[in-house]
Number of protein chains: 2
Amino acid sequence: MHDVARAAGVSLATVDRVLNGRPGVRAATTERVEEAIKSLGFSRDLNASLMARSRNLKVVFFIPDGSNEFMDSLAEAVTRRAGPTLADRMHLETQRIRALDTGALAAGLDALDPRTCDCAVIVTSEEPDILAAVDSATRRGIAVMTLVSDLPGSNRRHFIGVDNVAAGRTAASLLGRFLPQGGQVAVIAGSLHLRDHLERLEGFRQILSADFSDIELLGPLEGHDERAETEALVSKLLAENPGLSGIYNLGAGNAGLVSALKSSGRAGKLRVIAHELTAPTREGLHFGAIDVVLDQNPDGEIREAIAAARSLALGAARHVATDPIEIGIFLRDNLR
Amino acid sequence: MHDVARAAGVSLATVDRVLNGRPGVRAATTERVEEAIKSLGFSRDLNASLMARSRNLKVVFFIPDGSNEFMDSLAEAVTRRAGPTLADRMHLETQRIRALDTGALAAGLDALDPRTCDCAVIVTSEEPDILAAVDSATRRGIAVMTLVSDLPGSNRRHFIGVDNVAAGRTAASLLGRFLPQGGQVAVIAGSLHLRDHLERLEGFRQILSADFSDIELLGPLEGHDERAETEALVSKLLAENPGLSGIYNLGAGNAGLVSALKSSGRAGKLRVIAHELTAPTREGLHFGAIDVVLDQNPDGEIREAIAAARSLALGAARHVATDPIEIGIFLRDNLR
DNA sequence: TAGGTCATGAGGCACGTACCTCAATTTTGA
DNA sequence: TCAAAATTGAGGTACGTGCCTCATGACCTA
C-alpha cells in the first residue's frame with residue numbers, strides 16, 4: 001500500500017479509501033490510485049486484511065433439506081471443512097432450506113447482513129423470486145454463488161458444478177461397453193423439468209445413438225426422485241421386460257431402485273448405473289445391484305466454493321477462475 | 001499467546017521461546033507452557049506467523065525428469081498452483097531430478113537450507129541413500145513428504161498417493177464387465193520390481209479370479225515403461241494372439257501401446273485400459289484405441305501436498321490428516 | 001562471598017492491512 | 001469573493017506472531 005500511495009502521489013489513507021470503497025475521494029484521484037494498483041500489480045493480502053479487522057470471512061451455505069441424500073453429503077462436506085478453514089479465518093455456516101421452498105430461500109438471502117456475511121452459496125432451481133433475492137444481496141455487497149445448478153440471468157458471481165451432459169455421455173459409454181451384444185436399456189429420471197436431469201439425458205442419448213446403435217432405449221420414465229415411486233416404477237419395468245439388460249437412473253430415489261432389483265431376484269444380472277455416492281448407492285455397489293455410480297463430488301464442490309469465496313473477497317476481480325469439478329466414477333472396487 | 005502466557009504464569013517471550021524451540025527455558029517451565037497451550041486449545045496462526053517473519057513458506061518438489069509424462073503433469077500441477085498459493089505466502093519450487101538417479105536426489109535433499117526451505121516433497125523408489133538423506137533433512141528441521149510412492153522406515157512426515165491395489169481391482173472390474181463372454185486379457189507392467197505396479201497387478205488378479213473366472217490372464221509382460229519396448233511387445237502380443245479381447249497396461253509406455261494397436265488395425269476391437277491421463281492416453285481415448293484411463297490425479301496430489309505442508313509448518317502435530325486421493329476414471333466422454 | 005551462568009521478564013519494532021481522528025488544503029456554490 | 005463543503009494528509013492503534021535487546025534475579029561454583 002505504501003508503494004501504491006507513492007506511485008499515485010497520495011497518502012495511505014486515500015489508498016485505503018479507494019480500496020475499501022469509502023467516500024471522500026474525487027473520481028480523478030480514484031483513477032490515479034487504480035492505475036498505480038494495476039501498474040504495480042498490487043493485490044491486497046486477504047489474511048492481513050482479515051487480521052486487521054479481527055474478523056472472519058463468513059460464508060453461508062443454503063442447502064436444501066428433505067430426503068435428498070446428496071444434499072446431506074453437501075452439508076456434511078461443509079461441516080468437515082469448517083474446522084480447517086477456521087484456521088484461515090473463514091467461518092462457514094450451513095442453513096438447511098426446505099426443498100423447493102423458494103420463499104424460504106429468498107427470505108434467508110434477504111436476512112443476510114453484509115456486515116457479518118461476505119458470501120452466500122445457494123443450491124436452487126430457476127425461480128423469479130430467487131433471482132430478485134440474489135440481485136438484492138449482490139447490491140448490498142454480498143457475493144452470491146450458485147452450486148450444483150446455475151441461475152443464468154442473475155447477478156451470481158460464480159457457478160460451481162459438474163458437466164451433466166458429460167455425465168450422461170459417460171453413462172452411455174460405459175453401458176454400451178458393458179453390453180457388447182446390445183439389448184434394451186431403461187432410463188429413469190427424477191423429473192424432466194430439472195435442468196440437470198435433462199442434460200444427463202441429452203448426453204446419454206447422444207452417445208447411445210452415435211456409438212451403440214444395437215442398444216434400444218426404453219423411457220425416460222419419471223420417478224420424481226422418490227424412493228417409493230421409483231421402487232414401484234422399477235418393479236413394474238422389470239416385470240414387463242424380462243429381457244431388459246440395463247438401467248440408467250439419472251435421478252435420485254436409489255433406495256427404491258436397489259430394493260426393486262433385489263426383490264426381483266435380478267440384481268447383478270442387469271448392468272445398472274446410478275448417480276451420487278450415498279448410503280443406498282453404496283449398498284447397491286456393495287451387493288452388486290449397481291455396477292457404477294457417477295458422483296458429483298460434493299467435497300470437491302465445497303472445496304472450490306470456499307476457494308472462490310476467498311477470491312471474491314479480494315474484491316475487484318470480476319471473474320473468478322476455479323478448477324473444474326470432475327465427475328467421480330465409482331465401482332465397488334474403488335469405493336472410498 | 002497472551003492467554004497462554006497468563007495461564008502458564010510466564011511472559012510472552014517465554015511462550016515464544018517454547019513455541020519456536022529456542023533455548024533458554026527450563027524443562028519444568030516448558031511443560032507448564034505446553035499444558036497451558038493444550039488446555040486452552042491454542043494453535044498458532046500460520047498466516048500471522050509468516051507475516052511477522054516477512055517470509056514465505058517454501059516447499060521444494062523433487063520430481064523425476066525423463067520421458068515419463070505423468071511426472072511432467074505433476075510438475076505442471078505445481079506450476080499451476082504456484083501463483084494462487086503465493087497469495088497465501090507459500091513459495092513452491094520444482095526441481096527435476098534425472099529419473100532413478102538416487103544420488104542426485106540425495107544431493108538435492110542435502111543441499112536444502114532449513115533457513116530457506118520448510119518442506120521437501122519427493123517422488124522416489126526405496127533406496128538406502130535416499131533414506132539417509134531424508135533422515136538428515138528431518139534432523140535439520142525440514143519436513144519431508146513422499147508423493148506417489150511411499151518410503152516406509154524413513155522419517156518422512158507424510159505420504160500422499162492413491163491406493164494402487166484399488167486401481168488394479170477397478171481395472172479388472174471394468175474389463176470383466178466389458179467382456180461378459182469372457183476371453184483372453186493381457187497384462188503389461190513397466191517392471192515387476194516397482195511397488196505400485198505390483199500392487200496394481202495384485203488388485204487386478206484378485207478381482208479377476210474372484211468375479212470373472214471366464215477371463216484368462218496373459219502375462220504379466222514387462223515393457224519397462226518405454227515407448228519402443230512397449231510397442232514391440234504389444235505388436236508381438238497382438239500378432240500371436242488373434243483372439244485376444246483385452247489389454248490392461250498398468251505401467252507407462254502408452255504411446256507405444258497406442259501405435260501398436262493402430263498399426264495392427266485392431267484399435268477399438270479390443271477393450272483397453274491404461275494408466276495416467278497424458279498426451280498419448282488422451283489421444284488413445286479420443287480415437288477409441290483406449291477405452292478407459294485410470295488416473296492418479298496429479299492435481300489432487302499436489303493440492304493435498306500443499307495442504308499437508310501448511311499443517312506440518314504449524315509444528316507440533318505429529319500426524320497430519322489429508323483427504324484421500326481418489327483414482328480418476330476417464331473415458332472419451334468425460335475428458336477434461 | 002564474589003563471580004559467573006542461566007532463566008525469565010519487559011518491552012520494542014516489524015509484517016500488511018483496517019479504520020479512526022484531526023488538521024490542512026482544495027474545491028464548490030452563491 | 002468568501003464561507004461552507006469536500007477532499008486529502010499525517011499519524012495513531014490494532015490484529016497475532018517473530019525476533020531482538022536489555023535488565024533482573026536465581027542458582028551454582030570456587
Inset, instruction - Would you kindly compare A/R53 and B/R17 by the position of their nearest DNA chain C nucleotide and give the one closer to the 5′ end? - result: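 Looking at DNA chain C, the more 5' nearest nucleotide goes with B/R17.
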Under 4.0 Å between any heavy atoms, over every strand shown, what does [X] touch: base, sugar-phosphate, or nothing? Just pick one.
| X | result |
| --- | --- |
| A/N47 | nothing |
| A/S43 | sugar-phosphate |
| A/D16 | base |

Inset, instruction - Look at the side chain of B/S136 and the backbone N and O of B/A132, then say whether any donor-acceptor pair between them is shorter than 3.5 Å. - result: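 Absent.
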Electrostatic pair [X]-[Y], nearest N-O below 4.0 angstrom:
| X | Y | answer |
| --- | --- | --- |
| A/R140 | A/D135 | no |
| A/R81 | A/D88 | no |
| B/K58 | B/D113 | no |
| B/R89 | A/D45 | yes |
| B/R44 | B/D16 | no |

Legend entry - A/R98, CZ: over 12 other non-hydrogen atoms inside 6.0 angstrom: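 It does not: A/R98 CZ has 12 such atoms or fewer within range.
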Legend entry - Residues, nucleotides or ligands: over 12 heavy atoms within 6.0 Å of B/L100 CG: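 No, because the 6.0 Å sphere around CG of B/L100 holds 12 heavy atoms or fewer from other groups.
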Legend entry - Contact list for DNA chain C against residues 2-15 of chain B - heavy-atom distance below 4.0 Å: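 Only B/G9, B/V10, B/S11, B/A13, B/T14 qualify.
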Legend entry - First and last nucleotide of DNA chain D, 5' to 3', lying under 4.0 Å from heavy atoms of chain A: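 Endpoints of the contacted stretch of DNA chain D: D/dT7 to D/dG16.
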Legend entry - Bounds of contact between DNA chain C and chain B, in 5' to 3' order, using a heavy-atom cut-off under 4.0 Å: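 First-to-last contact on DNA chain C, by the 4.0 Å heavy-atom rule, is C/dA7 to C/dG16.
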Legend entry - side-chain contact (heavy atoms from CB on, under 4.5 Å) against B/D150, all qualifying residues, sequence neighbours excluded: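 Applying side-chain contact (heavy atoms from CB on, under 4.5 Å) to B/D150 gives B/T146, B/P152, B/R156, B/F159.
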Inset, instruction - Identify, with sequence neighbours excluded, every residue that meets side-chain contact (heavy atoms from CB on, under 4.5 Å) alongside A/E326. - result: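 If we apply the side-chain contact (heavy atoms from CB on, under 4.5 Å) test to A/E326, skipping adjacent residues, the hits are B/F330, B/R336.
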Can you give each donor-acceptor pair under 3.5 Å made by side-chain atoms of residues 24-37 of chain B, sequence neighbours left out, with the distance rounded to 0.1 Å?
{"residue": "B/T30", "atom": "OG1", "partner": "B/R26", "partner atom": "O", "Å": "3.1"}
{"residue": "B/R32", "atom": "NE", "partner": "B/A8", "partner atom": "O", "Å": "3.1"}
{"residue": "B/R32", "atom": "NH2", "partner": "B/A8", "partner atom": "O", "Å": "3.3"}

Legend entry - First of B/R55 and B/M51 reached from the 5' end of DNA chain D, by closest nucleotide: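 The residue mapped nearer the 5' terminus is B/M51.
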